[in-house]
Chemist: 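The structure follows.
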Amino acid sequence: MRVKVYITPRRGVLDPQGRAIEASLKSLGFNDVGPVRMGKYIELEVAAASPAQASAEVRRMCEQLLANTVIEDYRFEVEDA
Amino acid sequence: MRVKVYITPRRGVLDPQGRAIEASLKSLGFNDVGPVRMGKYIELEVAAASPAQASAEVRRMCEQLLANTVIEDYRFEVEDA
Amino acid sequence: MSHNPVALPGEPEVNLAQALAHGLSEDEFRLIRNHLGRTPTFTELGVFSVMWSEHCSYKSSRRHLARLPNKGRLVVGGPGENAGALDVGDGWLAVFKIESHNHPSFVEPYQGAATGVGGILRDIFAMGARPVASLNSLKFGSFDNARTRYLLSGVVGGIGGYGNCVGVPTVGGEVMFDAAYDDNILVNAFCLGLARKGELQSARAQGMGNPVLYVGSATGRDGIHGASLLASAEFDASSAHKRPTVQVGDPFTEKLLIEACLEAIKTGAVVALQDMGAAGLTSSSAEMAARGKLGIEINLDQVPLREPNLTPYEMLLSESQERMLIVAQAGREHELQAVFEKWDLHAVVIGRITGDCRWRVSWRGLLVADIPVAALAEQAPAYERPMARAAACTPPVRVVRERPAPAEALRRLLDSPNVGSKRWVYRQYDSIVQSNTVMEPGGDAAVLRIKGTRRALALAVDSNPRACALDPYLGAMAVTLEAARNVACVGARPIGITDCLNYGNPERPEIMWQFARGVDGIRDAALALETPVVSGNVSFYNETQGRAIPPTPTLAMVGMLADLDYCRSQFFRRPGDAILLLRTSAPALAASEYDALFGGGNRLGAIDLHKERELIDLLVTLAEKGLINSAHDVSDGGLAVALAECCFNEAGKFGASVEVGTPELDTVVNLFGEGASSVILSTPSDAAARVVQMATGRGLGCRRIGTVTSDPVLRIDSDIAIEVAELRTIYEQALPGRIQGHG
Amino acid sequence: MKWGVVSFPGSLDDRDTLYALRDVLEQDAELLWHKERDLKNADCVVLPGGFSYGDYLRCGAMARFSPIMESVVSFARRGGLVLGICNGFQILCEARLLPGALTRNRSLSFICERVTVRVENTHTPFTRAAAPHELLRLPIKHGEGLYVASEDELRRIEDRGQVLVRYVDSSGRATEAANPNGSMHSIAGVANESFNVFGLMPHPEHAVEPMLGGEGGLKIFRSIIQSFA
Ligand SMILES: Nc1ncnc2c1ncn2[C@@H]1O[C@H](COP(=O)(O)OP(=O)(O)O)[C@@H](O)[C@H]1O
Ligand SMILES: [Mg+2]
């Protein structure tokens with residue numbers, strides 16, 4: 001099953017990359033741009049019996065490794081292909 | 001309008017991060033994990049008259065700044081909120 | 001296996017048109033058929049096209065490079081090996097080389113520069129030397145060009161991103177901005193390693209039947225049809241189509257490779273080791289076989305692949321990074337495999353050494369290539385290309401624009417990105433890892449100690465394209481001398497050179513002439529200094545739509561300090577010290593930064609090699625005798641800038657008060673001219689007379705021009721009196737101001 | 001006393017740390033291999049700087065799962081002294097042996113330069129040889145050293161004196177200009193609640209010889225040595 005994981009900086013945590021991108025976009029003339037947040041996007045495959053099982057597995061991956069929950073939030077989608 | 005941009009390494013381009021994550025997941029006992037690709041996820045707001053106009057704008061942002069099209073692909077979603 | 005290699009299903013037919021499309025000439029195609037006694041297969045054609053490319057075969061430069069002196073008392077290994085090696089005493093060898101990564105860095109600055117660093121590191125540890133220091137020489141277009149900032153940040157980020165992650169300190173370099181590089185940037189990377197005497201690793205295949213091992217990253221489609229070919233032709237509108245899959249560096253894997261290879265060498269089971277650089281598996285296997293006058297057989301089914309369905313053509317031409325090829329002692333491959341496993345790397349046997357001098361490749365039970373090894377190596381074409389003195393080399397008429405007052409000119413010069421501090425660049429490099437860096441970036445040369453000894457090495461890299469554009473011979477000579485002087489200013493005796501020769505399209509007679517003159521200039525200077533050229537690299541085709549870069553030979557000089565105590569910096573150390581000016585000849589505005597800003601330049605001054613050599617020898621002697629407290633050579637910006645730089649001490653806040661005016665020289669030329677070999681010394685006041693005497697005894701101009709002051713103001717004649725703090729701010733802001741000023 | 005310096009794949013300053021301890025401070029020190037579990041009777045374990053596992057994904061994220069880290073964690077829980085330098089600090093945060101996390105520098109670029117830090121608490125095994133508020137010159141070299149923690153967490157660690165070193169200017173003031181990476185509260189290094197685990201971004205092992213960037217780092221190592229005297 002195909003999984004997409006989105007990791008974003010937690011609200012309140014500084015996001016210097018997002019801020020830098022925002023500033024660059026503005027300097028390029030994209031004046032109508034609002035707050036930019038920069039995160040990570042991970043695509044992976046898991047072999048699982050059911051989407052529910054895959055979800056449980058991916059949640060554990062996120063908690064253990066993919067995200068640092070002190071500073072990051074995560075969410076993911078499992079696509080049953 | 002809320003925009004989500006997904007940036008991934010191009011097919012064929014080496015993705016050392018994805019490979020390292022895969023190896024790490026396996027060593028943590030997630031043996032059923034297949035290829036992992038690591039990319040970027042950017043959330044931003046644009047003020048635009050229509051989703052079509054927003055799309056055109058975001059495409060230009062991606063080409064000019066957000067993605068490095070020599071080695072990265074991008075796609076995005078515009079949410080009319 | 002059939003006798004002749006077979007065409008694979010779906011492969012294009014091989015004919016002249018196909019050969020031309022591969023960048024080979026009609027003659028070369030004919031030559032290939034002669035070598036084989038038949039038409040090559042498509043796979044073989046690909047193999048020839050990369051092995052006979054300018055980048056891999058040095059076909060235009062080989063004959064000229066033979067003129068460079070490469071012998072000497074200290075030389076242990078020279079050209080032909082992966083890098084040169086010098087005996088630096090106490091049982092240590094210094095192994096070093098410089099290489100270009102210009103074209104890839106223009107296409108993708110971060111990865112291009114990063115993989116450039118990765119490639120030069122592999123050349124060094126392939127010799128059995130632990131890489132201990134990196135330098136880089138960078139040329140960008142002007143800041144008026146919108147792409148310059150992007151290229152600069154990308155290249156610097158890539159060098160740091162890779163170098164910092166593998167734990168090799170980047171200890172110095174140079175950066176220049178000039179519109180002449182708008183469409184062709186230069187990225188030259190240097191690495192130096194240390195090996196124990198008697199433990200150099202060879203890259204020469206030996207022993208029929210010995211297994212060939214592949215180690216490191218799996219092979220992907222990176223760089224196929226591109227990296228070497230791209231560097232072997234001009235950029236033009238069609239370059240975009242030739243664009244290969246860009247190579248992405250993986251410094252983490254490189255770090256593991258360094259450790260694993262050095263450990264593998266220690267087992268004694270490695271017969272030969274070489275990195276898979278340009279033309280990857282093809283060139284590494286063919287070159288190792290050629291050096292040993294042996295043959296090699298490769299089975300592509302064993303090659304680790306990153307993606308499925310690579311064709312033999314792609315596997316052979318791939319330039320995937322972080323891969324090495326090993327010839328091992330038969331029966332000991334398991335020992336080596338165990339070492340690589342320890343470092344989480346895989347070593348797989350992909351072939352063996354044969355006695356028949358053929359390069360033979362099989363895949364899925366089919367023979368896909370069978371070529372005499374010599375045809376890929378020493379019998380590759382070498383050309384004596386036509387040469388013609390370049391018209392462009394008559395000095396351009398410089399319109400003299402405004403002539404600011406000297407104080408204002410000094411400010412403007414310090415604000416030039418070519419003169420101002422490069423801290424913005426080197427701050428992004430780890431310059432202290434490995435705990436050897438005695439002199440960090442920012443001085444005339446970097447100094448590294450050799451642990452366990454009193455010795456140290458000094459490293460500097462220099463180029464001067466403006467002088468080379470005016471006179472490719474004198475310019476190349478001046479560059480060599482400047483590199484030697486930089487090393488001597490920190491107290492080291494210059495001992496060896498590696499050079500990277502960046503030029504335009506060698507098929508144009510003027511370019512070929514520039515190149516040949518450049519080689520002569522380096523040769524004459526190297527002979528005078530007795531510093532052999534032990535390794536190097538040529539980069540041609542730095543040219544876009546007929547517009548070539550100025551001739552840019554880049555010289556890296558290695559110097560040796562017999563004792564760390566001899567080490568001197570450029571900074572004034574004590575108020576009351578005498579300031580001395582050593583000069584071999586009169587400066588000139590030609591090719592100076594002043595000329596670039598305000599005009600006025602004309603023709604380069606002559607060079608007296610005897611005096612130059614005396615100057616270097618004097619500097620080393622003065623340092624060894626402890627007669628001087630600081631030394632700084634005058635380069636970009638001229639004397640006034642150099643004096644200011646001597647005052648930019650972190651620790652103390654000093655100034656200088658000097659009288660430099662002389663009746664023979666125009667004030668502007670005196671203060672801002674370049675070209676002459678000049679060095680600013682500070683000595684204890686009571687030693688000044690003795691130093692002047694030693695210099696004049698050698699026929700060198702030397703006089704006391706003033707005193708180091710505790711008052712932090714730079715005073716030059718009646719022309720300049722400016723607070724050092726103000727000068728320093730201008731100097732430090734020159735680069736960041738331009739980079740941040742535009743987001 | 002005995003020192004153990006862990007080598008992870010991608011560790012870079014492991015040899016430098018060993019050199020500082022053995023050759024400069026004449027200590028009994030040895031490398032510990034990440035695949036092993038034996039701490040070889042070390043009294044103090046050092047997690048060195050570098051790019052363990054390439055720092056791919058996040059700095060220190062992968063190293064914390066290596067076999068040696070299981071031993072380091074239980075050693076720390078038993079009160080053993082653990083010092084994390086740069087990447088080692090990042091690993092200790094990822095392993096939750098230290099509060100907070102380290103993220104991209106405010107400038108987004110790698111920074112290699114000398115900074116001044118002020119010792120904030122001298123009643124710990126890592127700082128006892130320093131005078132209160134002593135200033136130390138130490139090099140930093142990192143791309144991700146911006147210390148972050150939640151407001152609550154920050155208040156707690158400040159109240160308990162867990163902030164051991166802070167970036168300051170040459171006169172000892174914690175200004176924004178003197179904060180090289182944008183760390184919250186200018187934090188350069190923190191200890192755990194029981195003060196037996198300490199992580200800092202600056203590199204004391206690169207400041208132990210006058211010729212190579214001064215001796216500011218000796219205070220940290222000497223403090224630890226004194227704790228065992
Ligand atoms: N690309 C670079 N990488 C690292 N250090 C650099 C780089 N460019 C310049 N530097 C450092 O900045 C200082 C000044 O450089 P430069 O003006 O070219 O010196 P010089 O004129 O003495 O050759 C040197 O110490 C040099 O090593
Ligand atoms: Mg100099």
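The chains referred to below are lettered A, B, ... by the order of the sequence lines, with proteins before strands, and numbering in each begins at 1.
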Chemist: Supply the atom-to-atom distance C:Cys165 SG to D:Phe110 CZ, rounded to the nearest 0.5 angstrom.
Modeler: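 Here the rounded value is 9.5 Å.
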Chemist: Can you tell which part of C:Val156 gets under 4.5 Å to a heavy atom of chain D, answering side chain, backbone, both or neither?
Modeler: neither
Chemist: Is a donor on one side and an acceptor on the other found under 3.5 Å between the side chain of D:Lys35 and the backbone of C:Lys342?
Modeler: yes
Chemist: In plain terms, say whether D:Arg15 and C:Glu259 are close enough for a salt bridge, that is, a side-chain N and a carboxylate O under 4.0 Å apart.
Modeler: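 Yes, charged N to carboxylate O under 4.0 Å.
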Chemist: Spell out, as yes or no, whether a donor-acceptor pair under 3.5 Å connects the side chain of C:Asp430 to the backbone of D:Lys141.
Modeler: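 Such a contact is absent between C:Asp430 side chain and D:Lys141 backbone.
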Chemist: Are D:Cys112 and C:Gln428 close enough that some pair of their side-chain heavy atoms sits under 4.5 Å apart?
Modeler: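 They are not in side-chain contact.
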Chemist: I need the minimum non-hydrogen distance between D:Leu12 and C:Asn164, along with the two atoms involved.
Modeler: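 Heavy atoms only, the tightest pair is CD1-O, 3.0 Å.
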Chemist: Quick one: are C:Ile432 and D:Leu212 in side-chain contact, heavy atoms under 4.5 Å?
Modeler: no
Chemist: Relative to chain D, which of C:Ser435, C:Gly167, C:Ser431 shows the most heavy atom pairs under 4.5 Å?
Modeler: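 Winner by heavy-atom pair count: C:Ser435.
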Chemist: Do the non-hydrogen side-chain atoms of C:Pro251 and D:Phe51 ever get within less than 4.5 Å of each other?
Modeler: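 No, side chains not in contact.
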Chemist: For the residue pair C:Lys451 and D:Asp23, establish whether any side-chain heavy-atom pair is separated by less than 4.5 Å.
Modeler: no
Chemist: Tell me the closest heavy-atom pair linking C:Lys255 and D:Gly10, and the distance in Å.
Modeler: CG-CA, 4.2 Å
Chemist: Contact part of C:Arg449 toward chain D, heavy-atom cut-off under 4.5 Å: side chain, backbone, both or neither?
Modeler: side chain
Chemist: Just one of C:Leu564, C:Thr437, C:Asp565 clears the side-chain contact (heavy atoms from CB on, under 4.5 Å) bar with D:Met211, so which one?
Modeler: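 Of the listed residues C:Leu564, C:Thr437, C:Asp565, the side-chain contact (heavy atoms from CB on, under 4.5 Å) partner of D:Met211 is C:Leu564.
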Chemist: To the closest 0.5 Å, what do you measure between CH2 (C:Trp424) and OG (D:Ser109)?
Modeler: 7.0 Å
Chemist: Between C:Met439, C:Gln434, C:Arg427, which shows the greatest number of heavy-atom pairs under 4.5 Å with chain D?
Modeler: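 The candidate making the most pairs under 4.5 Å is C:Arg427.
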Chemist: Does either side chain, that of D:Tyr53 or that of C:Asp344, offer a donor lying less than 3.5 Å from an acceptor on the other one?
Modeler: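 No - no donor-acceptor pair under 3.5 Å links their side chains.
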Chemist: Most heavy-atom pairs under 4.5 angstrom with chain D, which of C:Asn436, C:Leu256, C:Asp250?
Modeler: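 Counting heavy-atom pairs under 4.5 Å, the top option is C:Asp250.
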